[in-house]
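Below is one structure, written out as structure tokens, with a few remarks after it.
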Amino acid sequence: MSHTHSCCGNDHNQNHHNIQKSHKNNNKKTQGYYTCPMHPEIKSKNEGMCPECGMKLVFVEDKSHKEDDFDKHKGHKTNIFKMKFWVSLILSIPVVAYSDITQQLLRWTAPQFPFSDYLPFILSTIIFFYGGWVFIQSAFRELKAKMPGMMTLIAIAISVAYLYSIYVVFSGNGRDLFWELSTLITVMLLGHWLEMRAVTGAQSALKELTKLLPEKAYVERDGKEIEIDISELKAEDVVIIKPGSRVPADGVIIEGQSEVDESIVTGESKLVDKKKGDEVIAGTINSDGLLKVKVTKIGEDTFLANVIRLVQEAQASKSRLQLLSDRAAYYLTIVAVVVGGVTLAAWTAAGDFAFAVERVVAVLVIACPHALGLAVPLVASISTTKAAQSGFLVKQRLALEAARNIDVVLFDKTGTLTKGEFGVSEVFGIGAESDDVLTLAASVNKYSEHPLAVAIVKEARKRNLELKNVKDFQRIPGKGARALWEGKEIVVGSPKLLEEKGAVISDTDKKKMSEYSSKGHTVVYVFVDDELKGAIALADIIREESKEAVKSLHQMGIKTSMITGDDEDVAKWVAKEIGLDSYFAKVLPEDKVNKVKELQSKGLKVAMVGDGVNDAPALMQADLGIAIGAGTNVAIESAGIILVKNDPRDIVRVIKLSRLTYSKMIQNLWWAAGYNIVAIPLAAGILAFKGILLQPAVAAVLMSLSTVIVSFNAVLLRNKKI
């Protein structure tokens, strides 16, 4: 039986894109690796962007390459561009000083000496091979990978300028472009250095995750406490975690009690109480107590390693907007070459070949698609890292992108909207005070592991009630439990006991308990020597966070629904308590996927929230699958997004981050593509008749500036509150 309220409209069929089915996290090729054209020391198993400069990684075939040899951070040498820039800048000064532009603008001639006319040629050659060769090498890698782009355009530009200038020197015909060449290379080096700083700053949050583990750990071995390197830790080791130190590996507390800062996991700064039997996670910080922890997971199996892996996979995966920007960058490269060719032909036909070459260089430089290629992946990189710091993990960028368009969130009830454990809702005192009724029931059940018994004992301890010393505990199959106290028999059990003992209840009390039963509560009765003393109503505890989440989703214009295997009465009560728009009751696990399809058939984009196990088919079918991944269970394959905590409020944060991310991506795409619409015609000399020209060096400044602006705009996402 199912019951639905007005959650949806527009009853028509529609094909829905299945994010989880269609997307592949790792676009790996059998032999080889991905590397940055600009930074060949960067090697990655997956597609993605260079962690140094943000350029798209290209695939390189390498049969001798082993996957285990990858070290994403090996060989990062940002300062090499800093050095090349300063050397090129110093050498460019005399090049400019001895150029005709200085004589024209400043009406000043540099001191002359034998062969001084060749000084620009000599210094520009040094600049070309020392500062510019890195661009030519990078272009070669792009072309080898059949992915011409930014480096290809820069290499063509500086090569054309240099070779033409060499021709002028030896032929004596025309005007050389040495000052344009030297300043262009210098500005390009500066721009690349600044871009690298911006990108590495933007990605630093993920890099910081790798630094959360301590270098040393204190371990108990042969009855002694010794200090070892964290790399020497083994499963089953007992580590001693002192106050203020970080947990070196995932494990279970076997001795001690403390509060632990788990903000790297949950995104919340509130300390979490930990005691014997509780799990702790590598990288979290022990507060004030001494803990002994038995190691259960080390290295790549730890929660932190899984977080880093999932974030890296998400950053390597594609979003629709990134595919668009990649395509746009590719076509922009083609457009630049075509426009450059047309510009060369047009100005050469006009009779000024030197001017034509200068215009070509300007066009090729201004059209470099670095900003366009960086516009989306940098935002995506920051957003996936921000998500991990906020308590949820994005496995696939397409999943995060889909979140902004969700119409209805479909929750699995148990463990998501509710805690999945019983709690005491009400204690009825009939022949005794309510606290006495609870004390008696808890005293009998303190030896039982039944979920109802555990909830009763927990409530009694919460109220600081002193339990009685009972003996001769016995289970009554299908009915409850009994025990003796001071010669009296205490029985706690189901309504069947009422009939057996012939207990009489007033109409008022009967009505109260009937109301709770109709809401899906379980009511147990407490007898002392066959005399009814009271009753206790218990139910699956509704999370307070659920009400807040549903309220926030409604404010965002998103409908909410629930799916449960419980009876109609229970489902109706939970839906009403939380404020849901609709619910599906008495649904078998294998039928959950059909309920998702039912909502989708009405034209709704559905986000399914479940535990990732029996909800897997529904998570896969939904437009967005969100799995609850409490504790260290982060590798749930059926969902695109994983909530580290069992907190439905994080769904609101997922949608907010999705909308913010999309907004930033669109802003960056408009800026990266938009300035080319104006700048390329100016670089080609369309307004030359009015004296408006873009010199190659100015074009280089604008190109680099656009990339820095895109990077800076992306970085602003880190400060947004979700």
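Numbering starts at 1 and runs along the sequence shown.
- A heavy-atom distance below 4.5 Å is found between the side chains of Phe411 and Ile651.
- Residues Ile641 and Phe392 are in side-chain contact: their nearest non-hydrogen atoms beyond the backbone lie under 4.5 Å apart.
- Expressed to the nearest 0.5 Å, how far OG of Ser658 lies from CG of Asn405 amounts to 7.0 Å.
- Residues satisfying the side chain to side chain contact (heavy atoms under 4.5 Å, CB included) test with Ala571, not counting sequence neighbours, are Met562, Thr564, Tyr583, Ala585.
- Asp412 and Lys592 are joined by a salt bridge, as a carboxylate oxygen and a charged side-chain nitrogen come within less than 4.0 angstrom of each other.
- Nearest heavy atom pair, residue Leu643 against residue Asp650, reads CD2-CB, 3.8 Å.
- Of the inter-residue distances, the one linking Asp407 atom CG with Leu604 atom CG reads 5.0 Å to the nearest 0.5 angstrom.
- Minimum interatomic distance between Val652 and Ala549 (heavy atoms only, all atoms of both residues): CG2-O, 3.8 Å.
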Report the C-alpha distance between Ile722 and Lys386 in whole Å, list the side-chain angles of each, state the deciding distance to 0.1 Å, and finish with yes or no for side chain to side chain contact (heavy atoms under 4.5 Å, CB included). CA-CA 10 Å; Ile722 59 171; Lys386 187 177 180 69; 4.2 Å; yes
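- Applying the side chain to side chain contact (heavy atoms under 4.5 Å, CB included) criterion to Trp670, with sequence neighbours excluded, gives Ile666.
- Residues passing the salt bridge (charged side-chain N to carboxylate O under 4.0 Å, His left out) test with Lys413 are Asp540, Asp566, sequence neighbours excluded.
- Rounded to the nearest 0.5 Å, atoms CD1 (Ile563) and CD (Glu598) are 9.0 Å apart.
- For Asn713, the side chain to side chain contact (heavy atoms under 4.5 Å, CB included) partners two or more places apart in sequence, or in a different chain, are Lys664, Gln667, Asn668, Leu716.
- In terms of heavy-atom proximity, Ala387 sits nearest to Leu657 at CB-CD2, 3.7 Å.
- Taking both residues in full, the closest heavy atoms of Ser546 and Leu417 are given as OG-O, 2.7 Å, listed atom of the first, atom of the second, then distance.
- Without hydrogens or angle criteria, Arg246 side chain to Ile285 main chain gives no donor-acceptor distance under 3.5 Å.
- Phe584 contributes atom CZ, which lies 12.0 Å from atom CG of Asp591 (distance to the nearest 0.5 angstrom).
- To the nearest 0.5 Å, atoms CG (Leu599) and OG (Ser582) are separated by 6.5 Å.
- Thr418 places no side-chain N or O within donor-acceptor distance of the main-chain N or O of Ile542, the cut-off being under 3.5 Å.
- Lys274 places a side-chain N or O within 3.5 Å of a backbone atom of Glu279 that can act as its donor or acceptor partner.
- Of the options Asp581, Thr560, Leu580, a side chain to side chain contact (heavy atoms under 4.5 Å, CB included) to Leu553 is made by Thr560 and by none of the others.
- Inter-residue side-chain proximity for Val606 and Leu624 is flagged as unmet; no heavy-atom pair is nearer than 4.5 Å.
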What's the verdict on side chain to side chain contact (heavy atoms under 4.5 Å, CB included) for Gln600 and Gln621, showing C-alpha distance, side-chain angles and the deciding distance? CA-CA 10 Å; Gln600 289 176 328; Gln621 174 63 35; 2.7 Å; yes
Where do Met556 and Lys656 land on the side chain to side chain contact (heavy atoms under 4.5 Å, CB included) test, with the steps shown first? CA-CA 9 Å; Met556 298 171 76; Lys656 283 183 178 178; 4.0 Å; yes
For a side chain to side chain contact (heavy atoms under 4.5 Å, CB included) check, start with the C-alpha distance between Ile655 and Arg404, then their side-chain angles and the critical distance, and finish with the verdict. CA-CA 5 Å; Ile655 296 170; Arg404 69 185 179 85; 5.7 Å; no
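- The NZ atom of Lys605 sits 5.0 Å away from the CG atom of Asp623 when rounded to the nearest 0.5 Å.
- Residues Ser390 and Arg653 share a closest heavy-atom pair of O-NH1, 3.2 Å.
- When atom types are taken as modelled, the side chain of Arg543 and the backbone of Thr416 share a donor-acceptor pair closer than 3.5 angstrom.
- The closest donor-acceptor contact from the side chain of Thr296 to the backbone of Asp250 lies under 3.5 Å.
- Contact between Ile298 and Ala249 at its shortest, heavy atoms only, is CG2-CB, 4.2 Å.
- For the salt bridge (charged side-chain N to carboxylate O under 4.0 Å, His left out) test, residues two or more places apart in sequence or in another chain that qualify with Glu548 are Arg649.
- When the salt bridge (charged side-chain N to carboxylate O under 4.0 Å, His left out) test is applied to Asp278, the partners found at least two apart in sequence or on another chain are Lys275.
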